[in-house]
Participant: 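If you scroll down you'll find the structure; I have some questions about it.
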Amino acid sequence: MTRESLIEIIKRKQSLLCVGLDTDLEKIPGFLKQNFDNPVLEFNRRIIKATADIAVAFKINTAFYESQGEEGWKNLIETIKLIPEDILIIADAKRADIGNTSKMYAKAFFEKMNADAVTVAPYMGMDSVKPFLEYKNKWIIILALTSNIGSKDFQYLPVDRAGTKLYEKVLETSSSWGNINNTMFVVGATHPEDFKSIRQIVPQHFLLVPGIGAQGGDLQQVLKHGLISDYGLLINSSRGIIYASNGEDFDSAARKKALELIYKIRKIIKF
Ligand code: OMP
């Protein structure tokens with residue numbers, strides 16, 4: 001998917017919403033487990049159907065599928081097939097290795113699974129990320145400032161005498177590996193105070209922002225400091241949407257939660 005298409009979809013749907021399909025067999029409604037041979041796929045099918053017209057992206061965290069072995073991998077592939085054309089498909093796999101190996105990760109997610117974007121870790125440097133950038137109209141989403149408590153362990157450490165933080169250095173350096181048409185960054189909504197300085201380093205890149213909802217991130221501050229003229233933000237919520245209800249109404253409850261988030265966004269942004 002091109003940046004132009006993504007912007008057009010955001011405008012048309014009046015939404016920045018990325019729905020996280022972190023589908024956990026333990027958490028999905030019991031009636032699905034009792035009535036369907038493949039409850040995970042049925043769950044995803046219904047969540048996708050209920051939210052596809054208002055979501056700009058679906059983020060599939062691969063851990064939830066890999067943990068289910070062979071069937072999980074199949075569900076991951078089948079879930080991607082259920083997602084309509086006009087939605088960015090993010091494989092949240094957090095990969096990157098030596099170049100020769102990253103080439104295989106890129107092949108797996110872009111060619112075999114047909115994802116539009118993959119999350120990647122920047123720690124191994126440029127050659128670990130470059131193979132993903134060989135693909136036209138595909139995206140990498142580089143971990144910059146993550147939403148978790150452990151983000152403070154390394155990401156804020158100064159890397160020079162001027163006090164540049166590690167995550168700022170990651171943004172500065174890795175933004176030159178690709179460009180605004182194939183690179184986004186992960187910035188957690190739990191660090192709203194940092195969006196201002198982040199926008200000084202990457203004024204035009206799209207940011208994928210997890211941490212709203214279950215992790216308690218600050219949507220208003222994120223929008224205030226993160227928004228650019230091309231929008232430049234994808235707001236992810238996973239558990240806060242997909243587990244809104246544990247009953248037979250789980251899909252309509254998910255849609256309701258998704259709309260609540262979108263209405264909050266529309267209060268602040270004019271599309
Ligand atoms: P909820 O907290 O349930 O909305 O899920 C957040 C999702 O975003 C999960 O799939 C996380 O793995 C992912 N995530 C973070 O929560 N924090 C990050 O810093 C980065 C990610 C991610 O790369 O998506």
Side-chain angles (χ1 to χ4, degrees), residues 16-28 40 43-44 47 51 55-68 72 75-76 79-80 88-96 105 109 115-123 129 132 139-156 165-168 170-171 174 183-195 198 202 205-219 222 226 233-246 250 253-254 257-258 260-262 264-265:
L16 302 175
L17 179 67
C18 173
V19 175
L21 293 172
D22 295 8
T23 306
D24 179 348
L25 195 55
E26 302 285 306
K27 291 202 181 118
I28 68 178
V40 166
F43 180 83
N44 286 354
I47 292 284
T51 56
V56 169
F58 281 110
K59 184 168 76 65
I60 305 171
N61 189 311
T62 62
F64 292 84
Y65 301 84
E66 291 175 65
S67 63
Q68 300 301 308
N75 282 341
L76 176 54
T79 297
I80 288 177
L88 186 84
I89 301 170
I90 302 169
D92 181 10
K94 300 187 179 68
R95 299 300 152 98
Y105 282 137
F109 291 106
D116 295 303
V118 184
T119 53
V120 297
Y123 197 70
V129 160
F132 294 95
W139 296 80
I140 54 165
I141 310 180
I142 299 175
L143 298 177
L145 182 56
T146 59
S147 65
N148 56 325
I149 293 172
S151 61
K152 298 210 163 73
D153 289 342
F154 302 120
Q155 294 165 25
Y156 283 99
K165 296 169 185 129
L166 177 60
Y167 84 81
E168 292 172 330
V170 165
L171 288 167
S174 64
T183 303
M184 303 187 193
F185 294 98
V186 172
V187 181
T190 48
H191 304 288
E193 66 286 358
D194 294 300
F195 274 73
I198 287 168
V202 286
H205 283 78
F206 263 86
L207 308 178
L208 171 66
V209 184
I212 296 283
Q215 297 177 54
D218 187 338
L219 177 67
V222 167
L233 293 173
L234 298 176
I235 307 290
N236 181 84
S237 176
S238 305
R239 287 167 292 178
I241 290 179
I242 67 174
Y243 302 125
S245 159
N246 202 27
F250 77 94
K257 282 282 173 202
E260 276 173 23
L261 185 48
I262 289 173
K264 275 188 201 157
I265 294 170

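Ligands are counted one by one from 1 in listed order, and the atoms in each one are counted from 1 as well.
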Participant: Can you sort out which atoms of ligand 1 are near V186, meaning under 4.0 Å from one of its heavy atoms?
Facilitator: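 Numbered from 1, ligand 1 contributes 19 (O), 20 (C), 23 (O).
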Participant: Determine the interplanar angle of the W139 and F206 rings, folded into 0 to 90°, and report it as parallel if under 30°, tilted if 30 to 60°, perpendicular if over 60°.
Facilitator: perpendicular
Participant: How far is atom 11 (C) of ligand 1 from its nearest protein heavy atom, and which residue and atom is that?
Facilitator: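 Its nearest protein heavy-atom neighbour is N61 ND2, 4.0 Å.
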Participant: So which protein heavy atom does atom 22 (C) of ligand 1 come closest to, and at what separation?
Facilitator: K94 NZ, 3.3 Å
Participant: Measuring from atom 21 (C) of ligand 1, which candidate in S147, G216, P210, A63 has the nearest non-hydrogen atom?
Facilitator: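 The residue whose heavy atom sits nearest atom 21 (C) of ligand 1 is P210.
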Participant: Could you tell me whether some N/O pair between T119 and ligand 1 is separated by less than 3.5 angstrom?
Facilitator: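 Such a contact does not occur with ligand 1.
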Participant: How many angstroms lie between CD1 in I212 and SG in C18, if you round to the nearest 0.5 Å?
Facilitator: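 Reported value, rounded in 0.5 Å steps: 12.0 Å.
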Participant: Specify the protein heavy atom at minimum distance from atom 4 (O) of ligand 1: its residue, its atom name, and the distance to 0.1 Å.
Facilitator: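 Nearest protein contact, heavy atoms only, for atom 4 (O) of ligand 1 is S238 N, 2.9 Å.
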Participant: List the closest protein heavy-atom neighbour of atom 6 (C) of ligand 1: residue, atom name, distance to the nearest 0.1 Å.
Facilitator: Q215 NE2, 3.5 Å
Participant: Quick one: nearest non-hydrogen protein atom to atom 8 (O) of ligand 1, plus distance?
Facilitator: K59 NZ, 3.1 Å
Participant: Got a sec: does the CZ of F154 have more than 12 other heavy atoms crowding it under 6.0 Å?
Facilitator: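 Atom CZ in F154 is not packed in, count stays at 12 or less.
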Participant: Mark yes when over 12 heavy atoms from residues, nucleotides or ligands other than K264 sit less than 6.0 Å from its NZ; otherwise mark no.
Facilitator: no
Participant: What's the verdict on side-chain contact (heavy atoms from CB on, under 4.5 Å) for T183 and H205, showing C-alpha distance, side-chain angles and the deciding distance?
Facilitator: CA-CA 7 Å; T183 303; H205 283 78; 4.1 Å; yes
Participant: Is N148 in contact with ligand 1, taking contact as a heavy-atom separation below 4.0 Å?
Facilitator: no
Participant: Can a side-chain donor-acceptor contact be found between S238 and Y243 if the only test is distance below 3.5 angstrom?
Facilitator: no
Participant: Scan side-chain atoms only and decide if H191 and Y167 contain a donor-acceptor pair under the 3.5 Å cut-off.
Facilitator: no
Participant: Donor-acceptor check, side chain of T119 to backbone of A93, threshold 3.5 angstrom: yes or no?
Facilitator: yes
Participant: Determine, considering heavy atoms only, which of D22, L21, N236, I90 sits nearest to atom 9 (C) of ligand 1.
Facilitator: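 Among D22, L21, N236, I90, the closest heavy atom to atom 9 (C) of ligand 1 comes from D22.
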Participant: May I ask you to list the atoms of ligand 1 that are less than 4.0 angstrom from any heavy atom of T146?
Facilitator: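 Those of ligand 1 that fall under 4.0 Å from T146 are 19 (O).
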Participant: Which atoms from ligand 1 have a heavy atom of R239 less than 4.0 Å away?
Facilitator: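 By the 4.0 Å cutoff, the relevant atoms are 1 (P), 2 (O), 3 (O), 4 (O).
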